[in-house]
Amino acid sequence: MRLQGTDRTPTWSGWASAEKLQVELGLPSVNLVKPGVGETTRVLLRRVPWRVVVAPGREQDLRHVRLLAEDRGVPVVEDPSLPYSCVGIIRPTEQDGS
């Protein structure tokens with residue numbers, strides 16, 4: 001009931017963050033940016049990960065992400081402006097247009 005009186009207009013900050021990472025990393029598609037703990041975990045387990053971007057101060061939530069990244073040799077970089085706990089980045093391929 002508390003939510004009824006609040007402004008629930010979408011801010012699109014998550015989408016803007018994904019697009020920002022795409023541009024900053026020179027990715028050919030925003031589809032290579034996978035935000036959130038679940039998506040990042042899937043990138044590390046089932047895809048060819050390129051890097052992981054994490055929000056500082058989320059160590060407790062991201063221990064398994066950091067362990068998986070270390071095991072796969074994937075660099076982890078911090079970004080204080082990230083609206084997600086973490087974002088997994090899939091390695092671009094020639095098929096992606098890179």
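Residue indices begin at 1 and follow the sequence shown.
Between atom OG1 of residue Thr40 and atom CZ of residue Arg47 there is a gap of 12.5 Å, rounded to the nearest 0.5 Å. To the nearest 0.5 Å, atoms CG (Asp79) and OH (Tyr84) are separated by 12.5 Å. Interatomic distance, Trp12 CH2 to Glu19 CD, rounded to the nearest 0.5 Å: 10.5 Å.
Note: the hydrophobic cluster containing Trp50 also contains Val53 (ILVMFWY, side chain heavy atoms under 4.5 Å, direct or indirect links). Under the 4.5 Å side-chain heavy-atom criterion for ILVMFWY residues, no single connected hydrophobic cluster contains both Leu68 and Ile90. Residues Val74 and Leu45 share a single hydrophobic cluster, defined by chaining ILVMFWY side chains whose heavy atoms lie under 4.5 Å apart.
Side-chain atoms of Arg51 and Leu25, non-hydrogen and from C-beta on, do get closer than 4.5 Å to each other. Here the side chains of Val77 and Val52 are not in contact, with every heavy-atom distance at 4.5 Å or above. In this structure, Val33 and Ile89 have side chains that are in contact, with non-hydrogen atoms separated by less than 4.5 Å. Pro28 places none of its side-chain heavy atoms less than 4.5 Å from the side chain of Gln22. Inter-residue side-chain proximity for Leu27 and Leu21 is flagged as unmet; no heavy-atom pair is nearer than 4.5 Å.
For Cys86 against Leu62, the heavy-atom pair with the smallest separation is SG-CD2, 3.7 Å. The shortest heavy-atom contact between Pro83 and Ser17 is CD-OG, 3.3 Å. When every heavy atom of Arg91 is checked against every heavy atom of Pro49, the shortest pair comes out as NH2-O, 3.9 Å.
Residues passing the salt bridge (charged side-chain N to carboxylate O under 4.0 Å, His left out) test with Arg58, sequence neighbours excluded: Asp61.
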Begin from the C-alpha positions of Arg66 and Glu70 and carry the test salt bridge (Lys or Arg N to Asp or Glu O under 4.0 Å) through to its verdict. CA-CA 6 Å; Arg66 286 189 179 271; Glu70 182 181 338; over 6 Å; no

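Distance alone, capped at 3.5 Å, is enough to place a donor-acceptor pair between the Thr41 side chain and the Val37 backbone.
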